[in-house]
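This report concerns only the one structure given below.
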Amino acid sequence: MTLTLYNTLTRRKEPFQPIDAGNVRMYVCGPTVYDYAHIGNARPVIVFDVLFRLLRHLYGAGHVTYARNITDVEDKINARAAEEGVPIGELTERTTKQFHADVAALGVLPPTVEPRATEYIRRRDSKLDMVRLIERLVQRGHAYVAQDHVLFDVASMPDYGRLSNRSLEEMEAGARVEVAPYKKGPMDFVLWKPSKAGEPAWPSPAGIATPGRPGWHIECSAMAGALLGEVFDIHGGGIDLVFPHHENEIAQSRCALGTSVMANVWMHNGFLQVEGEKMSKSLGNFVTIHDLLQEWPGEAIKLAMLSTHYRQPANWTEKGLIEAKRTLDHWYELTADAAEGAPLCADVLQALQDDLNTPQAIAALHALRSEAAKGAKPAAACLKASARLMGLLQLDTGAWKAWRPAALAIDEGKVEALIAARNAARTARDFKEADRIRDALTAMGIGLKDAKDPATGEIVTTWEVKR
RNA sequence: GGCCACGUGGCGGAGUGGUUACGCAACGGUCUGCAAAACCGUGUACCCCGGUUCAAUUCCGGGCGUGGCCUCCA
């Protein structure tokens, strides 16, 4: 079974063939750091982490390079910094740290490299940077200078629009935007623009005297080219990036470097709704990763996310989180003393190799759960190993059980005391009192479980917060 | 207005031209002092209308609905 991936460029699933099996290269568009990342931002982070893990499994951990950028130069950042009255660098530094904390808590692997856009505007070393790319585009006749801007000349690229599957005529017909008067063609986009006082600025390329800053798309072309080479294997991101961002990245990279493709495979994750509605600040259902992590363990968020196939539209719900958390509780329980390093479940691997069919992989994990529940030790070990391929069951069971919501308004000592009192009443066969205490705990939102220790036959009572 | 996805049982969510997805919930049972948890078992589906076919939830066309892009956006 070989890895098959859906390629937006060809609109079908294709067998994956790396350019160099010794160094498989993937680029994923990372966050613009001006605010907390939301649950929609978490989707590509989680999805492409699974792909990263799978590629490491298939080609060897040292043979995959995964680049995910930090966009730290952008007009939204400038606006937010001005709004908060803080220096831009302070805002991007703080937001980057928040992002790192969030994704670490989600239990995803750090990418191999995490370049920042500002490091690739003008470099002192010989690596590709934005200014060099822009100069080359101008030299090759794919870009022009107008009123201190550098614009990409879309008409100079015959197959512009191939990724998003639209023709120039279509786009121009459908355009609802006012076209800046200095553009030669209405779809031409900005590679470089002049900065006003107070805006971040670098010396401009192409003989422009006014200092300026890069357009949005050029950073990814520069970073991907510098770190992964002129042509690489996989480029990923959200489906909303297909146009214009990825289309324009392709145009810049190919026209500047003279290549026929930028990346061989283009992958896009679907959009996400919250409780069946569009996520928006005005609806009040804007969910940040940071907020979710106050109430849910990272792996529950990850499992909830992976229970929908990455290309499918997803509905983010609390019910889904509850389900994911309970599933993991169960899996952790069953794998508490499972051996490490068991062979992977073939069904899980096969599902993942079929365009990351995580729901099917999860179904295979449920089958293992079922066997493990009957006492099959190898199944439990296989469950642990296979779940880890997806970045699940990474903690030890004790650490998982010890997790508590950040704002847990429960006095654990008091709970333990009540449980001890209840058990004393039970031993004395005073079930009326025992049930009274249990009801009191239920009213506090605590659910009890009485289990027999299989070795000693002793009753062990555990508790959890009911949701 | 142009382009593009998606629409599966109470809910979430895979998949397939004819055969069990899976999970949660529900129901029945085992266990339990009673519960909970766990385990065993059961039921329910493929948006509408046409077409192709021996056979369509699965292919094609139309409709309706939801969402995305065309403008910052995962």
Side-chain angles (χ1 to χ4, degrees), chain A residues 8 11 28-32 34-35 37-48 71 74-77 79 161 164-167 169-178 186-187 189 216 236-247 268-273 276-280 303-304 306-317 319-324 326-327 329-330 333-334 347 351 354 357-367 369-370 373-375 425-427 429-432 434-435 438-439 441-442 446-452 459 461-464 466:
Chain A
T8 306
R11 284 164 211 274
V28 174
C29 292
T32 299
Y34 70 104
D35 202 349
H38 58 70
I39 188 60
N41 298 309
R43 196 170 188 191
V45 170
I46 291 171
V47 162
F48 290 105
T71 296
E74 227 270 329
D75 287 357
K76 266 182 306 198
I77 297 174
S164 54
N165 200 26
R166 37 184 120 186
S167 66
E169 301 80 74
E170 257 168 40
M171 288 187 266
E172 289 170 12
R176 299 183 305 196
V177 205
E178 254 182 75
M187 299 310 292
F189 57 91
W216 173 37
I239 195 165
D240 55 316
L241 294 180
V242 172
F243 190 89
H245 186 54
H246 289 166
E247 197 71 76
H268 295 95
N269 62 271
F271 234 66
L272 181 139
Q273 285 184 277
E277 287 186 305
K278 186 174 174 167
M279 177 166 69
S280 74
L303 179 59
L306 294 177
S307 64
T308 302
H309 181 84
Y310 79 92
R311 281 192 283 121
Q312 222 42 23
N315 187 17
W316 187 258
T317 62
K319 193 163 177 275
L321 276 166
I322 293 171
E323 209 176 303
R326 293 187 65 178
T327 299
D329 284 342
H330 200 180
E333 188 71 47
L334 282 167
D347 289 345
D354 181 13
N357 194 334
T358 51
Q360 204 154 70
I362 291 165
L365 293 177
H366 283 303
R369 185 279 327 259
S370 178
K374 288 168 194 156
R426 293 177 70 211
T427 310
R429 302 195 68 78
D430 181 357
F431 295 120
K432 205 176 160 192
D435 289 350
R438 185 171 62 199
D439 290 346
L441 284 164
T442 304
I446 305 291
L448 297 185
K449 281 190 248 181
D450 295 330
K452 245 181 210 163
I459 299 278
T461 301
T462 55
W463 62 277
E464 62 175 16
K466 287 287 179 194

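In what follows, chains are A, B, ... by sequence order, proteins preceding strands, each numbered from 1.
At a threshold of 4.0 angstrom between heavy atoms, the contacts of His245(A) with the nucleic acid are absent. Across all strands, Leu365(A) comes closer than 4.0 Å to no nucleic acid atom at all (heavy-atom distances). Residue Arg43(A) is out of contact with every strand shown, counting any heavy-atom pair closer than 4.0 Å. Counting any heavy atom pair closer than 4.0 Å across all strands shown, Gly238(A) reaches sugar-phosphate atoms only and no base atom. Within the nucleic acid shown, Arg369(A) comes within 4.0 Å of sugar-phosphate atoms alone, with no base atom in reach, counting heavy atoms only. Using a 4.0 Å heavy-atom distance criterion, Phe243(A) is classed as a sugar-phosphate-only contact. Counting any heavy atom pair closer than 4.0 Å across all strands shown, His268(A) reaches no nucleic acid atom. At a threshold of 4.0 angstrom between heavy atoms, the contacts of Asp450(A) include nucleobase atoms, whether or not backbone atoms are also involved. Residue Gln312(A) is in sugar-phosphate contact alone, with no base atom involved, counting any heavy-atom pair closer than 4.0 Å across all strands shown. Within the nucleic acid shown, Gly237(A) comes within 4.0 Å of sugar-phosphate atoms alone, with no base atom in reach, counting heavy atoms only.
Distances from the side chain of Arg426(A) to the nucleotides rC40(B), rC34(B), rA14(B) place rC34(B) closest. Counting only heavy atoms from C-beta on, Met279(A) has its side chain closest to rA74(B) among rG67(B), rA74(B), rG33(B). Nearest to the side chain of Glu323(A), among rC24(B), rC73(B), rG15(B), sits rC24(B). Between rC70(B), rA74(B), rC39(B), one nucleotide has an atom nearer to the side chain of Asp240(A) than all others, and that is rA74(B). Nearest nucleotide to the Ser370(A) side chain, out of rC69(B), rC72(B), rC40(B): rC40(B).
Residue Thr308(A) places at least one side-chain N or O closer than 4.0 Å to OP1 or OP2 of rG13(B). Between Asn41(A) and rC73(B) there is no side-chain N or O to OP1 or OP2 distance below 4.0 Å. Not one side-chain nitrogen or oxygen of Trp316(A) sits closer than 4.0 Å to the OP1 or OP2 atom of rG12(B). Close to rG68(B), at under 4.0 Å from its OP1 or OP2, lies a side-chain N or O of Lys278(A). The side chain of Arg311(A) contributes no N or O atom lying less than 4.0 Å from OP1 or OP2 of rC6(B). Taking 4.0 angstrom as the limit, His366(A) places none of its side-chain polar atoms (N or O) nearer than this to OP1 or OP2 of rU20(B).
Both Arg438(A) and Ala373(A) sit near RNA chain B, but only Arg438(A) has its closest nucleotide nearer the 5' end. Place Tyr310(A) and Arg429(A) on RNA chain B by their nearest nucleotides, and Tyr310(A) ends up nearer the 5' end.
Rounded to an integer number of Å, the gap from CG of Asn269(A) to P of rC69(B) is 13 Å. Atom CG of Asn165(A) and atom P of rG2(B) are 16 Å apart (whole Å). Separating the CZ atom of Phe431(A) from the P atom of rC34(B) is a distance of 9 Å, rounded to the nearest angstrom. Rounded to an integer number of Å, the gap from Lys432(A) NZ to rC34(B) C1' is 15 Å. Atom pair Met187(A):CE and rC70(B):C1' shows a separation of 7 Å (rounding to whole Å applied). Spacing between atom CD of Glu74(A) and atom C1' of rA74(B) amounts to 14 Å, rounded to whole angstrom units. The interatomic distance linking Arg326(A) (CZ) with rA36(B) (P) rounds to 11 Å, in whole Å. Here the C1' atom of nucleotide rC24(B) and the NZ atom of Lys319(A) are 5 Å apart, to the nearest Å.
Annotation: side chain of Asp35(A) is not in contact with side chain of Lys76(A) (no heavy-atom distance under 4.5 Å). Thr461(A) has its side chain out of reach of Arg438(A): every pair of non-hydrogen atoms, C-beta onward, lies at least 4.5 Å apart. You'll find the side chain of Tyr34(A) stays beyond 4.5 Å of the side chain of Glu74(A), heavy atoms only. Residues Pro244(A) and Met187(A) form no side-chain contact, since every pair of their non-hydrogen atoms from C-beta on lies 4.5 Å or further apart.
Taking atom C1' in both rC69(B) and rU8(B), the straight-line distance is 26 Å, to the nearest Å. With C1' as the reference atom, rC27(B) and rU16(B) are 29 Å apart, rounded to whole Å. A distance of about 15 Å separates the C1' atoms of rC24(B) and rG43(B), rounded to the whole Å. Nucleotides rU19(B) and rG62(B) place their P atoms 28 Å apart, quoted to the nearest Å. Rounded to the nearest Å, the gap between the P atom of rG33(B) and that of rA26(B) is 24 Å. Of the P atoms belonging to rC11(B) and rG18(B), the separation is 26 Å, rounded to the nearest Å. Going from the P atom of rG15(B) to that of rC6(B) covers 11 Å, rounded to whole Å. To the nearest whole angstrom, the two P atoms, one in rA21(B) and one in rC47(B), are 15 Å apart.
Ring geometry, Trp216(A) versus His245(A): the interplanar angle falls under 30°, so the pair is classed parallel (tilted spans 30 to 60°).
For rG28(B), the paired base is rC40(B) (Watson-Crick or G-U wobble, both distances below 3.5 Å). Shown here, rA5(B) forms a base pair with rU66(B); the pair counts as Watson-Crick or G-U wobble because both key distances fall under 3.5 Å. Using the Watson-Crick or G-U wobble rule with both distances under 3.5 Å, rG12(B) pairs with rC22(B).
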Report task. In sequence, state the C-alpha distance, the side-chain angles, and the governing distance for Thr358(A) and Tyr310(A), and then conclude on side chain to side chain contact (heavy atoms under 4.5 Å, CB included). Result -> CA-CA 8 Å; Thr358(A) 51; Tyr310(A) 79 92; over 6 Å; no
Query - Trace of the side chain to side chain contact (heavy atoms under 4.5 Å, CB included) decision for His330(A) with Leu334(A) - result: CA-CA 6 Å; His330(A) 200 180; Leu334(A) 282 167; 3.9 Å; yes
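No hydrogens or angles considered: a donor-acceptor pair under 3.5 Å links the side chains of Glu247(A) and Ser164(A).
Scanning atom types as modelled, no donor and acceptor separated by under 3.5 angstrom connect the side chain of Asn357(A) and the base of rG15(B).
Phe271(A) qualifies as a stacking partner of the rA74(B) base, centre to centre under 5.5 Å and near-parallel within 30°.
The CZ atom of Arg326(A) lies 13.5 Å from the CG atom of Leu321(A); values are rounded to the nearest 0.5 Å.
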